[in-house]
Amino acid sequence: MSSALLSGVPWWGYLIGGVAWLLAYICRQLVLLRLASKALDKADAKHIPAIMTVLYRGRRSAAADDPRPPVKPAK
């Protein structure tokens with residue numbers, strides 16, 4: 001950012017760039033959600049946990065065929 005300030009980029013250049021980046025991010029998210037919706041509509045029941053894992057990387061699958069052992073609560 002400091003290099004852009006030194007090169008003489010006006011304040012409205014940052015404003016336009018920030019708005020363009022935000023719109024591109026929102027459009028990307030909408031396209032991903034639309035594609036995920038189509039994938040979930042066409043997927044077999046056994047493939048749905050894998051699709052959800054890709055969409056929500058931080059969450060664990062609640063499927064019964066999950067090979068990971070359940071986490072035991074600490075005492």
Those residues at least two apart in sequence (or on a different chain) that pass side-chain contact (heavy atoms from CB on, under 4.5 Å) with Ile26 are Leu22, Leu30
Applying ring-ring contact (aromatic ring centres under 6.0 Å, His included), which residue pairs with at least one partner in residues 18-46 are found, sequence neighbours left out? Trp21-Tyr25
Hits for side-chain contact (heavy atoms from CB on, under 4.5 Å) against Leu33, two or more places apart or cross-chain, chain-then-number order -> none
The remaining residues in the hydrophobic cluster of Leu35, counting side-chain heavy-atom contacts under 4.5 Å among Ile, Leu, Val, Met, Phe, Trp and Tyr, are Val31
I'd like to check the side-chain contact (heavy atoms from CB on, under 4.5 Å) partners of Ala43; sequence neighbours left out, ordered by chain and number. His47, Ile48, Ile51
